2 protein chains.
Amino acid sequence: MAAEATRKAPARTAAGGGTPTAGATGTAPTRRERARAATVEEIKNAALDLIRDHGSANLRFTDIARTLGLTPPALYRYFADRDELLTALVTDSYDSLSDALDATRGTVPADDLDARFLATCGAYRSWAQDSPERFALIFGSPVPGYAAPPDGPTAVAGRRAMDHVLELLADTATAGRLGHPLVPDTEQATILAWATVHGFVTLEAHGHLHALDPATRDHLFTTQARLAARTAGLTPASP
Amino acid sequence: MAAEATRKAPARTAAGGGTPTAGATGTAPTRRERARAATVEEIKNAALDLIRDHGSANLRFTDIARTLGLTPPALYRYFADRDELLTALVTDSYDSLSDALDATRGTVPADDLDARFLATCGAYRSWAQDSPERFALIFGSPVPGYAAPPDGPTAVAGRRAMDHVLELLADTATAGRLGHPLVPDTEQATILAWATVHGFVTLEAHGHLHALDPATRDHLFTTQARLAARTAGLTPASP
DNA sequence: GAAAAGCGTGAAGCCTCGTAACGCTGATAA
DNA sequence: TTATCAGCGTTACGAGGCTTCACGCTTTTC
């Protein structure tokens, strides 16, 4: 007869989290799984490069494919569509931010709370400067129709970044160095401090401070970080 | 024979600033010029509505045309291409912001400097909330390739918004109420204050503060505005 | 009233997204 | 060892958006 349902549909997509070759959790990845993961990384890196050069709005599957020496349809083996790729990039960007903040933990003496706070602020800014495309993916204008799911990976990753700062402030509180007359709630104070630093960083990242020379910008940022520290509740140790 | 250069090319585009029916400066607009201006407004309004619903990245000429009951090619009589339309929208957005800030001038007693500053901050936030699409156009992730010309209309309009705040602080200075230990330069202090308020507004506009209920957000914003006032150099009158 | 300018349309070319059907390769299993 | 199969990548294709072109209609201008 005809068409006896051969191949039963190519198992397209890979959507949620299950890759076609998804091995049981904990087992060593097979050669194929490693190759697949490597290709996924290649695709995401190529996409980030293109976003850096042309903006996330102009990201084209065709260009990614050309970069990798593939044809556009090949990418659909790894991402169901452009949105799924963007979602993965956003999630990765949150993780990248969290990693960058975590990395500062080891560079500053644990008992120097002011230094830890300022270093965290500086890491936030450095990360934005070094990964403008990731910063734009997270904090740039979001697509209204898209909207990440409330309990999705982006929400979790975002929470992780925030928790980093809260933990720092908790340490500060136990040291008896916390206290602010305007915002008694620690979490709310953290939000305002974050907003203070974020305002500077986002203006700078989007070129609205390009009139200032770099040295002045650096100086102003340090000042802004100090103001944020005060907002967060760190009482100035050395004024 | 054939093709005797009839119509000498349809005078397409309208790019820089000269509309096809551009009348001499100062003369009353003709009926046609008014009709054209009205159509331009219709196009821009339709575009803003679509941006609000679907994001600036998904703005389609086809959709704008459909909204106005036109065919897509008709829009090319008014804008050379999608980028030119977006440029116009960005410029308009800056003007909209400036107008919103200017409008607060009359609502607060001129001698109440704290109230004027807080009202300006509030106007900034209200404008962002009421015109999220305009806010996104100015402060959302810009297209890397695009980059407004340094002396272009967007730069001028942006400067106008900034001057508004500087003027306010100049009034404050003459009143002898200005002085800040951290940032002696008034313009730099303005930038930090702006960044402080902007950080809150942009986080809120992009949904990063959606976990907070509106009343709490309002309260926090007022606090942030007070902190910005202190950064700008306003010495607290009523602590 | 005639010429010109401006406006809008349908047709057409190019590019991108996304789907479908097919061949190849390496892994797996009898 | 050989047959099968999952996964990968390709070509072919349809749908839809951007933009240009050639043309007709309406309004303004002389």
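Every chain is numbered from 1 and lettered A, B, ... according to where its sequence line falls, protein lines coming before strand lines. Note that the structure is predicted; figures quoted are calculated from it, not measured.
- In this structure, the CZ atom of B:Phe79 is 20 Å from the P atom of D:dG17, given to the nearest Å.
- Across the protein-nucleic acid pair, B:Leu70 atom CG and C:dG10 atom P stand 11 Å apart, rounded to whole Å.
- Using cut-offs of 30° and 60° for the angle between ring planes, the A:His206 and A:Phe135 rings count as perpendicular.
- No side-chain donor from either of A:Asp95 and A:Ser98 sits under 3.5 Å from a side-chain acceptor of the other.
- A side-chain donor-acceptor contact under 3.5 Å links B:Thr107 to the backbone of B:Thr104.
- Side chain of A:Ala74, nearest nucleotide from C:dT9, D:dT11, D:dG9: D:dG9.
- When rounded to the nearest whole Å, the span between CG of B:Leu75 and P of C:dG10 equals 14 Å.
- Ion pairing of B:Arg36 with B:Glu41 is absent here, as no side-chain N (NZ or NE/NH1/NH2) approaches a carboxylate O to less than 4.0 Å.
- When the C1' atom of D:dC8 is taken as reference, atom CZ of A:Arg34 falls 17 Å away, rounded to whole Å.
- For the OP1/OP2 pair of D:dT10 and a distance below 4.0 Å, the side-chain nitrogens and oxygens of A:Thr71 include at least one atom meeting the criterion.
- Between the side chain of A:Arg77 and the base of D:dG9 there is at least one donor-acceptor pair of N/O atoms closer than 3.5 Å.
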When you compare the protein's N or O atoms with those of nucleotides 26-30 of chain C, which come within less than 3.5 Å of each other, and at what distance?
residue: C:dA27; atom: OP1; partner: A:Arg31; partner atom: NE; Å: 3.2

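- The six-membered or imidazole ring of B:Phe139 lies near that of A:His208, with a centre-to-centre distance under 6.0 Å.
- For A:Ser96 and A:Asp99, the side-chain atoms include no donor-acceptor pair closer than 3.5 Å.
- Side-chain atoms of A:Gln224 and B:Thr196 form a donor-acceptor pair, as typed in the model, at a separation below 3.5 Å.
- Using a 4.0 Å cut-off, no side-chain N or O of B:Tyr78 falls inside it from OP1 or OP2 of C:dG6.
- No side-chain donor-acceptor contact under 3.5 Å links A:Thr67 and A:Glu42.
- Under the rule for a salt bridge (charged side-chain N to carboxylate O under 4.0 Å, His left out), the partners of B:Asp218 that lie at least two apart in sequence or sit in another chain are B:Arg125.
- Nucleotide C:dG8 holds its C1' atom 16 Å from the CD1 atom of B:Ile64, rounded to whole Å.
- For A:Asp49, the salt bridge (charged side-chain N to carboxylate O under 4.0 Å, His left out) partners are A:Arg52, not counting sequence neighbours.
- Under the rule for a salt bridge (charged side-chain N to carboxylate O under 4.0 Å, His left out), the partners of B:Asp92 that lie at least two apart in sequence or sit in another chain are B:Lys44.
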Under 3.5 Å, which N/O atoms of the protein pair with N/O atoms of nucleotides 13-17 of chain C?
residue: C:dC17; atom: OP1; partner: A:Phe61; partner atom: N; Å: 2.6
residue: C:dC17; atom: OP2; partner: A:Thr62; partner atom: N; Å: 3.1
residue: C:dC17; atom: OP2; partner: A:Thr62; partner atom: OG1; Å: 2.7

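- At whole-Å resolution of the value, CG in B:Leu68 and P in C:dT9 are 10 Å apart.
- Rounded to whole Å, atom P of D:dG17 lies 12 Å from atom NE2 of B:His54.
- Residues from residues 37-48 of chain A that place a heavy atom under 4.0 Å from any atom of DNA chain C: there are none.
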